[in-house]
Amino acid sequence: MSDLFDPLPESACTRRKENTRTKLVRASLDVFVDKGIDGATVDDLVKAAGFTRGAFYSNFSTKEEVFVALFASVTEEVLAIADSSVEAAVQEAASRGAGTGLCAFQDADVMVAVFEGIRPFGRQWYLLYSEAVARALRDETMRLEVAAQRSRLRGQIGALLAERMEAMGERPLLPPEDLAQLLIGVFVDLMVREQMDGRDITELAATTILGTLRAFVEPLDRVAPSAPADAPSASSASAAISDVTHDTPSTGETPGSPPANS
C-alpha cells in the first residue's frame, strides 16, 4: 500500500522538518499494517523511515501520535481516490451519451467505481481502519481524533452522493451522511470477504451497492397515490365509528339484533 502515497518531492525548497515528519508518517504505514499500534515500536518506525530516534522525537512524542497522523493522511488519500473515481465514472457515462441524467444502475456504477478504486488497498486500509476504531473505543484521546476522521470521510462521501442524486433528480430516504456510512460499512465487509475468503467479489460488490442504493434512494417526483374522491377520509371514518359506539344500547345488545325476551 506504500504506493497509495505519491512520492515526496526531493527539491531543496521542501522544508526539512516538514519533509522529515511526512516521511516518518508515510513510512509508518507498513509498520502499523504489519504490527498494529501495540506491536510497533519507535525503533521500527525510525528504521522504516531511515531516521534516528532524535529525528523522531523532534517531530512526535509517541507512536500513537504517528498513527493519528497516518490515519488522517490515509483518509485524505481515500477521499482523493473517491473523487477521482467518480469523475472518471461520470465522464465515461457522458462519453456513452448518458449525459448527467444517469439512471439508478449507472449511478450505482459510480459508487462501484469508488469501491474499485479503494479495493487494491483493501487489506491495508481495513487493518488501519479497524485498528483505529478498536483503539478509539479504549482511548478517549484517540477517540476524538478517529471520530473526526470518520466524520470527514462520512461527510465528504455523503456530499458526493447528494451531488450525484441531485443531478439525477433523486433523493435519499435518510440523510446523505448516514447513507454514506452505510456504504462504507458495505465496502468494509466486501474487503473482508475478499481477503478472508479469497474470492472474487466484483459481481457481489455491484449487486450489493446497487441493492443498497435502490433501497434508500427514490425519485424526487415520486408522490404517494391519492385516495379516490368517494373514499372516506380517516377523520370521517373515525367519526362514524364513534357514532356507532355511542348508539349501542347499554344492555350489551348489538345494533340490529332482536330485543331480548322479557
Report summary line: Residue pairs meeting side chain to side chain donor-acceptor pair (under 3.5 Å), one or both in residues 176-188, sequence neighbours left out, come to R154-Q181
Query raised in the report: L144, V74: one ILVMFWY side-chain cluster at the under-4.5 Å cut-off?
Result: no
Query raised in the report: Looking at side-chain heavy atoms only, is the closest gap between R123 and M191 below 4.5 Å?
Result: no
Query raised in the report: Any ion pair linking K47 and D43 (charged N to carboxylate O, less than 4.0 Å)?
Result: no
Query raised in the report: Looking at CG of L79 and CG of L153, how far apart are the two atoms once the value is rounded to the nearest 0.5 Å?
Result: 5.0 Å
Query - Side chains of F51 and L45 in contact at under 4.5 Å (non-hydrogen atoms) - result: no
**Report entry** Presence of salt bridge, E64 and R135, under 4.0 angstrom
**Finding:** yes
**Report entry** Between CG on residue L24 and CD on residue E65, distance to nearest 0.5 Å
**Finding:** 12.0 Å
Query raised in the report: Checking salt bridge (charged side-chain N to carboxylate O under 4.0 Å, His left out) for the pair R143/D139: CA distance, chi angles, key distance, verdict?
Result: CA-CA 6 Å; R143 185 180 310 167; D139 185 320; over 6 Å; no
Query raised in the report: Are D44 and K63 within salt-bridge range, i.e. N to O under 4.0 Å?
Result: no
Query - Contact summary for A205 and V112, nearest pair of heavy atoms - result: O-CG2, 4.4 Å
Query raised in the report: Side-chain heavy atoms under 4.5 angstrom apart, residues restricted to Ile, Leu, Val, Met, Phe, Trp, Tyr: same cluster for L173 and L160?
Result: no
Query raised in the report: Quick one: does L183's side chain get under 4.5 Å of F115's, heavy atoms only?
Result: no
**Report entry** Heavy-atom side-chain contact between I37 and M142 under 4.5 Å
**Finding:** yes
**Report entry** R199 and E194 ion-paired at < 4.0 Å
**Finding:** no
Report task. May I have all residue pairs that pass ring pair (Phe, Tyr, Trp, His ring centres under 6.0 Å) and include part of residues 138-167, sequence neighbours excluded? Result -> none
Requested in this report: Starting at CG of L128, measure out to CD of Q124 and round the result to the nearest 0.5 Å.
Outcome: 8.0 Å
Query - Interatomic spacing from CG in L179 to CE in M165 - rounded to 0.5 Å - result: 5.5 Å
Query - Pairwise side-chain contact, E87 with D83, heavy-atom cut-off 4.5 Å (strictly under) - result: no
Report summary line: Distance col, row L161:CG vs E170:CD, nearest 0.5 angstrom, shows 11.0 Å
Report task. Please tell me if the side chains of R164 and V86 come closer than 4.5 Å, counting only heavy atoms from C-beta onward. Result -> yes
Report task. Compare every heavy atom of A55 with every heavy atom of N59, then report the nearest pair and how far apart it is. Result -> ND2-O, 2.8 Å
Query - Any pair counted as ring pair (Phe, Tyr, Trp, His ring centres under 6.0 Å), so long as it reaches residues 129-149, sequence neighbours left out - result: W125-Y129
Query raised in the report: If we only count heavy atoms from C-beta on, is the I81 to F121 side-chain gap below 4.5 Å?
Result: yes
Report task. Would you please classify the geometry between the F56 ring and the F60 ring as parallel, tilted or perpendicular, with 30° and 60° separating the classes? Result -> tilted
Query raised in the report: How many angstroms lie between atom CG of L29 and atom CZ of F67, to the nearest 0.5 angstrom?
Result: 10.0 Å
Query - Shortest non-hydrogen contact between R152 and A72, atoms and distance - result: NH1-O, 3.6 Å
Query raised in the report: S85 versus E116: any side-chain heavy-atom pair under 4.5 Å?
Result: no
